2 protein chains.
Amino acid sequence: MQLEELKSKFEQFLRQRGHKITRGRFEIIDKIANYGPHFEIEELVRWIANQDRSAASRSTVYRTVRLLQEFGAIREVIKLGNRTIYEFVAGKPHHEHLICVECGKIIEFYKQEIEELQDRVCEEHRFSPINHRLEIFGVCSDCKEKKHESRGMEVRT
Amino acid sequence: MQLEELKSKFEQFLRQRGHKITRGRFEIIDKIANYGPHFEIEELVRWIANQDRSAASRSTVYRTVRLLQEFGAIREVIKLGNRTIYEFVAGKPHHEHLICVECGKIIEFYKQEIEELQDRVCEEHRFSPINHRLEIFGVCSDCKEKKHESRGMEVRT
DNA sequence: GTCTAACTGAATATCATTTGCAATAGGAGG
DNA sequence: CCTCCTATTGCAAATGATATTCAGTTAGAC
Ligand SMILES: [Mn+2]
Ligand SMILES: [Mn+2]
Ligand SMILES: [Zn+2]
Ligand SMILES: [Zn+2]
């Protein structure tokens, strides 16, 4: 598994910056790696708090999330209202997201052509892109079906 | 000027929803229309507070911004950190943004092909898009030049 | 082991935004 | 105009996400 490799890279990263190797930090990496691709900080905090021998306080979770962002293992991918959804990157290739506003489902996609067109736009503006985020909000197929099923109960259409 | 038209549309909108036509609300629309295409709420609040006869409190600004969003005159276009940048829509066609992380400059662009590709992706996933946001963060040409000029002072490269 | 700087948790602060509430002002009907 | 009722306002207090302070605890260099 490449999680071990990631951890050892993170260890290097920490050493280079004069940080210490602590249990909490590595528990958090573990949790994130096992959580599914997307997560919010509050989920992590609650999950960790529920552990028997809790590994880290809310403060430490926030601090570690920041470190992991700088390290490059996680990334902010969706900003919706006051919520921030992160993603565990871990060598996963770059991609964008469809977000269902009904059920919250997140669908990942990648379109080479979109990426290329973005580069072209940047060139046209002599702009050097560092990163980007494309969020498409809408209704997923499941939720559309649900609405369809309950059609008979609607008050007029 | 179409601002007057917009205001009268807003008036209709308010009436339809049983709201009242108040001075504050229309002062705020004015400020937004005269502010430049993008703004943050705090800017509005400060600007309005600096007026001699202040037109609206912070609460009213927030409440009115919400109304104007529902009305469709403004839109959240950039989410960066804890900042939200709005834009005065006013019949302007849809577009996306390049954001300079050095100086904060915002460049607008529109690529038909990107929009079409997004639609295609949505179809592939039987996803009904409602709206989307493409933010490209990077360094603008001016800021690149500035860096270039000061090259001699850099500590190694 | 010793020592010190980095780390931790808990409480507190901050920042953007929302809400409760009492006072005020639209505007419909007279 | 006047009256009345309800929406609106401003302010203070509440939220919710995240950051910071600080005193006590550890990692890990020597
Ligand atoms: Mn993803
Ligand atoms: Mn714009
Ligand atoms: Zn859905
Ligand atoms: Zn710039």
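A note on names: the letters A, B, ... follow the listed sequences, proteins ahead of strands, and every chain is numbered from 1. Predicted model only: the values in this text are computed from it and were never measured.
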Write out a two-atom table: protein N or O, nucleotide N or O from nucleotides 28-30 of chain C, distance below 3.5 Å.
none

Checklist entry - In whole angstroms, how far is the P atom of dT17(C) from the CG atom of Leu80(A)? => result 14 Å
Checklist outcome for this item: Protein-proximity profile, nucleotides 8-16 of chain C, B/S/- by nucleotide at the 4.0 Å heavy-atom cutoff, equals BBBB----S
Next on the checklist: Expressed as a whole number of angstroms, how long is the span from Leu44(A):CG to dT18(D):C1'?
Outcome noted: 14 Å
Checklist entry - Judged by modelled atom types alone, do Gln118(B) and His132(B) share a side-chain donor-acceptor pair under 3.5 Å? => result yes
Next on the checklist: Nearest whole Å is fine: how far is dA25(C) C1' from His19(B) NE2?
Outcome noted: 16 Å
Next on the checklist: Quick one: does any side-chain atom of Lys31(B) pair with a main-chain N or O of Val45(B) as donor and acceptor, under 3.5 Å?
Outcome noted: no
Checklist outcome for this item: Between CZ of Arg66(A) and P of dT18(D) the distance, given in whole Å, is 11 Å
Next on the checklist: Let me spell it out: for each of Glu40(A) and Leu14(B), pick the nucleotide of DNA chain D with the closest heavy atom. Which residue's pick is nearer the 5' end?
Outcome noted: Leu14(B)
Checklist entry - More than 12 non-hydrogen atoms from neighbouring residues, nucleotides or ligands closer than 6.0 Å to NZ on Lys9(B), yes or no? => result no
Item to check | Donor-acceptor pair between His95(B) and Glu87(B) side chains, under 3.5 angstrom | outcome: yes
Checklist entry - Should Leu14(B) and Leu3(B) be regarded as members of a common hydrophobic cluster, given that ILVMFWY residues are connected when their side-chain heavy atoms come within less than 4.5 Å of each other, either directly or indirectly? => result yes
Next on the checklist: If only side-chain N and O atoms count, and only distance matters, is there a donor-acceptor pair under 3.5 Å linking Gln112(A) with Glu116(A)?
Outcome noted: yes
Checklist entry - Is Glu96(A) paired with Arg133(A) through a side-chain N to carboxylate O contact shorter than 4.0 Å? => result no
Checklist entry - Has the side chain of Lys20(B) got a donor or acceptor atom sitting under 3.5 Å from an opposite partner on the base of dA25(C)? => result no
Checklist entry - Among side-chain atoms of Glu43(A) and His38(A), is any donor-acceptor pair under 3.5 angstrom? => result no
Item to check | Distance, rounded to the nearest Å, where Glu27(B) contributes CD and dA25(C) contributes P | outcome: 16 Å
Checklist entry - In chain order, what residues pass the ring-ring contact (aromatic ring centres under 6.0 Å, His included) check against Tyr35(A), with sequence neighbours excluded? => result Trp47(A)
Item to check | Nearest-neighbour nucleotide for the Ile21(B) side chain, dC7(C), dT6(D), dG27(C) considered | outcome: dG27(C)
